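Report on one structure; see the data block that follows.
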Amino acid sequence: MKYDFSAVESKWQKYWDEHGTFHASEDHNKKKFYALVEFPYPSGAGMHVGHIKAYSGLEVVSRKRRLQGYNVLFPIGFDAYGLPTENTAIKTGVHPRQVTDNNITKFTSQLKRVGFSFDWDRVVDTTEEDYYKWTQWIFLKMFENGLVFRDKTLVNYCPSCKVVLSNEDSQGGKCDICHSDIVQKDKEVWYLRITEYADKLLQGLDEVDYLPNIRLQQENWIGKSTGAFVNFSIKEQDEQLRIYTTRPDTLYGVTFMVIAPEHPIIEKYRDQIANIDALDAYKAECAKKSEFERTQLVKDKTGVKIEGLTAINPITEKEIPVYVADYVMMGYGTGAIMAVPAHDTRDYDFAKKFGIDIIEVIKGGDISVEAYTGDGEMVNSGVLNGITNKKDAIEKMLAFLGEKGIGEKGVQFKMKDWAFNRQRYWGEPIPIVHCADCGMVAVPYEELPLRLPPVDNFQPGSDGESPLAKIDSFVNCKCPKCGKDAKRETDTMPQWAGSSWYFLRYCDNKNNDCLASREALDYWMPVDWYNGGMEHVTRHLIYSRFWHKFLYDIGEVTTSEPYAKRTAQGLILGPDGQKMSKSRGNVVDPNDVVAEYGADTLRLYVLFMGDYEQAAPWSESSMKGCKRFLDRVWKLQEKVVDGNEYSDKLRSSMHKTIKKVSEDIENLRFNTAIAAMMGLLNQIDEIGSLTKAEYRDLLIMLNPFAPHITEELYETMGFGGVLNEQKWVEYDEALCVDNTVEIVVQINGKVKAHFDAPLNSDRETLEKMAFELPEVTKITDGKTIVKKIAVPNKLVNIVVK
RNA sequence: GCCGCUGUGGUGGAAUAGGCAGACACAAGGGACUUAAAAUCCCUCGGACUAAACAUCCGUACCGGUUCGACCCCGGUCAGCGGCACCA
């Protein structure tokens, strides 16, 4: 009887659907397990096999946990606001709501065909009113707590998408969505004060279990540095020019200062600056450069000396020039630096170009050739002279600065505030009203959701204005505070908004009174295990931790961190070894695979193809191996003999395999778990038969990977009940070890022979047994034995001369 | 430039408290079954030397070190991938 996978798979998918098999229970007395995967953006292209791999990891863990008796929450939803949908709408004339619904339907059917055990009762869609109502609600809470502000700055603007982008969305000077070049534009935009949480976001990493590289990327993104603020006085002015430095130990080597072109001191002393025209021109020139260009021109430093402002080195009391240069950014530190050309490569390049003095204060390099950034003995440094340790030098200087009252220890973060707006239609409207008298006024909570108005034309305005600005009925309103005529904010929220708290909504997705009930959050949170892509580690993961920490601070949630554990899967590359993409034409559609090989084969293969955390290329022929394996499992039915216990021949292998599979699943080592089951099957085939107990337990351990075929076999074998209601298999540690172990005999470190020895034989016994082997005596005869090493249960190594 | 990860057969990948390198698969070759093909089953499968086997030697990117013993630890080099990037 051949295995008809398509009939079996649809049979069980229907069964699970009808029985609500995978609905998380609201019985809060049971031990819980909350597994979270990143919900997809429902694009028109549908899912590709990369999605399947991303979800299959925790799918296996979830199914195992259910068998282990946990109440499992394994939800799915759709992160549906965003530009691609809106662009499709503009192109086709179909409303984004409709586009979204179509795509969600498509995604849902694809996910169900793979047989994922998601709780389909808890689906969230970020674009639905009863969801984005709470996104707006959280925004207003932030507004209320001073975490929302507006600022007019140069922003990253994509001329093609006609939107303002965050730094995160415009990395490398290219738009994240359409890859056009970003230009700088002066605009008043919304910000969330994420920097206020920088320290908490950093410290919180100590409380959670993230993969080391994930943690590191977050730390780098937050970018904490410790150093000092130092005040430099300006000659003949009552003025302090404040700088930030991580190297206060090099203060004696400061020979000039540099300020950013936008530094306010220029405006303040316009009248005293002789070359103000040149400075204005330089500033204008810098403004024209995109951030990308500005950061690319690393080698050739530009700048202008300020004629009229001279600073004084507070330690040496020497007069030093002040320059304006665009290698200093207004957005980091104080927008001004002390330049130490001898020990900083940028300052060195600048000093060489402008002929400024270079004074060595740390021995060890050759400053006539290049800046020396290493450690060494302090020289030309007054009180620091002779110190050889950087840390000591910094400590001493900080104390010295404190005594003299010219500086103090300080901390800086690279992370910037979050530009929180889009000038587009398909996003959550920002619930703020602009009133001529009252300023920015929050829309009252009871008026939420502030609905996205129906509209026919989604085309953004020509200068980056939102399409909402064209809808008078939306824009014109009354001020909630004073009742006078006012205008609504027309920007919408960025795509990251909806995904910043979706994991909370899953806990209680139908609640109309709050974002989720206290009881549900108490029970389900934190997420026990969150898996997703590496590409979201610096954005989504930071943003959602920020929102969660804010909600914790205002008492809405009960855990300070949302995710107890975070892992990441590797990409599936195309068969050509390239990243899968529509433009390369190497995308594999899971529907095609399911139709031809079955869902179980697909599931098995995406986990078997390699290390789960590493990228691996798609190989159709390799997948056939998985199909072959399942077909052989199917055929085992014919070899089953009666027996409620493991047979002697297989007992130890069964226990070993159960142990291996159980442990490997916990460590995301699905490939070796599957390999172990394949090995077991090979052994069974060699023996020629297996007992009912053996077959039953093999089906149980294979079930999380290949649920359809195993359920079907479980039923046809008449083991009783349905498989997903059984208990996960257990192993006996004592039965995982054999009575005899094979010992390796090495001579001079090279393997020469093997022998079997009783388990835990002592060293002398092993050595004695080794010397009884003819292979050994043959080589050692007539030679001097220099040394004998015996490792119990492993090997004997004989060193001869 | 800085930080991180990776480098193992024809291919995907196994193997780390330092102890038999290549598990499990794929591909390839040979055979069985078949009118034939598919499917299935059996055998071979890192390299050199062999007609073949035994034996021997070489082999985990490259060079060196520690060790009885190194894919694994240490120092250096190269290559690929990812992240950050004039961050003071």
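Proteins get letters first, then strands, A, B, ... in listed order; numbering begins at 1 in each. Since the model is a prediction, treat every value here as computed from it, not as a measurement.
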Item checked: B:G4 to B:A17 separation - P atoms, rounded to the nearest Å -> 24 Å
Residues at least two apart in sequence or cross-chain that pass salt bridge (charged side-chain N to carboxylate O under 4.0 Å, His left out) with A:D576, listed by chain then number, are none
Between CE of A:M623 and C1' of B:C24 the distance, given in whole Å, is 18 Å
Comparing A:V799 with A:N682, nearest RNA chain B nucleotide closer to 5' gives the residue A:N682
Rounded to whole Å, CD1 of A:I785 lies from C1' of B:C68 at a distance of 13 Å
**OP:** Could you measure between the two C1' atoms, the one in B:C71 and the one in B:C20, and give it in whole Å?
**Re:** 14 Å
Tightest non-hydrogen contact, residues A:N586 and A:S581, listed as OD1-N, 2.9 Å
Q) Base, sugar-phosphate, or nothing: which does A:V751 touch, judged by heavy atoms less than 4.0 Å apart? A) sugar-phosphate
Requested in this report: Please work out if A:K750 contacts a base, only the sugar-phosphate, or nothing of the nucleic acid, heavy-atom cut-off 4.0 Å.
Outcome: sugar-phosphate
In terms of heavy-atom contacts, A:D611 and A:N671 come closest through N-ND2, 3.6 Å
Strictly by modelled atom types, are A:Y282 and A:T302 linked by a side-chain donor-acceptor pair under 3.5 Å? yes
Q) side chain to side chain contact (heavy atoms under 4.5 Å, CB included) between A:I259 and A:I266: does it pass, once the steps are laid out? A) CA-CA 9 Å; A:I259 62 172; A:I266 300 172; 3.8 Å; yes
Closest to the side chain of A:S621, out of B:A23, B:A27, B:C20, is B:A27
**Asked** Should the pair A:F256 and A:F350 be assigned to parallel (<30°), tilted (30 to 60°) or perpendicular (>60°) ring geometry?
**Response** parallel
request  = Report yes or no: do A:H540 and A:E38 form a side-chain donor-acceptor pair below 3.5 Å?
outcome  = no
Among B:G83, B:C57, B:A25, the one nearest any side-chain atom of A:Q217 is B:G83
Protein-proximity profile, nucleotides 7-19 of chain B, B/S/- by nucleotide at the 4.0 Å heavy-atom cutoff, equals -----BSSS---B
Query - P-based separation of B:C41 from B:A25 [nearest Å] - result: 11 Å
When you measure from the centre of the six-membered ring of A:Y327, is the NZ or CZ of A:K301 closer than 6.0 Å and no more than 45° off the axis? yes
Check your understanding: Would one find a side-chain N or O of A:R628 under 4.0 angstrom from OP1 or OP2 of B:A25?
Key -> no
May I ask you to establish whether A:K414 and A:Y332 are in a cation-pi arrangement, using a distance under 6.0 Å from NZ or CZ to the six-membered ring centre and at most 45° from the ring axis? no
Next on the checklist: Checking side-chain polar atoms at under 3.5 Å, does A:S225 have a donor or acceptor matched by the opposite partner on A:Y244?
Outcome noted: yes
- [ ] Taking atom P in both B:G29 and B:C81, compute the distance separating them and give it to the nearest angstrom.
- [x] 33 Å
Here the distance between atom P of B:C24 and atom CZ of A:F670, to the nearest Å, is 21 Å
Judged by nearest nucleotide, the residue sitting upstream toward the 5' end of RNA chain B, A:I798 or A:H754, is A:H754
RNA chain B in dot-bracket form (Watson-Crick or G-U pairs under 3.5 Å, [ ] crossing, | inter-strand) is (((((((..(((......[....))).(((((.......))))).(((.......)))..(((((..]....))))))))))))....
Whole-Å distance, A:R632 CZ to B:U40 P, equals 10 Å
Say we look at B:C26 and B:A36: how far apart would their C1' atoms be, to the nearest angstrom?
26 Å
The glycosidic conformation of B:G9, counting syn as within 90° of 0 and anti otherwise, is syn
In whole angstroms, the gap separating C1' of B:A38 from CG of A:D631 amounts to 14 Å
Span that lies between the C1' atom of B:G46 and that of B:G22, in whole angstrom = 8 Å
Original post:
Which is true for A:K224 with a 4.0 Å heavy-atom rule: it touches a base, it touches only sugar-phosphate, or it touches nothing?
Top reply: nothing
A:I243 and A:T334 have their tightest heavy-atom pair at CA-OG1, 3.3 Å
Practice problem: Sticking with atom C1', work out how far B:G9 lies from B:A61, rounded to a whole angstrom. | Solution: 15 Å
Rounded to whole Å, the CE-P distance (A:M330 to B:A88) equals 16 Å
Next on the checklist: Does B:A88 have its OP1 or OP2 closer than 4.0 Å to a side-chain nitrogen or oxygen of A:Y332?
Outcome noted: yes
| Looking for any heavy atom pair under 4.0 Å, which part of the strands does A:E535 touch: base, sugar-phosphate only, or nothing? | nothing
Review point. Does any donor-acceptor pair link the side chain of A:K301 with the base of B:C86 at a separation under 3.5 Å?
Key: yes
Between B:U6 and B:C62, how far apart are the C1' atoms? Round to whole Å, please.
16 Å
Separation of B:G1 atom C1' from A:N220 atom CG, nearest Å, is 15 Å
Quick check: does any side chain N or O of A:T601 sit under 3.5 Å from a backbone N or O of A:Y597, one acting as donor and the other as acceptor?
yes
A:L216 CG to B:G4 P, in whole Å, measures 7 Å
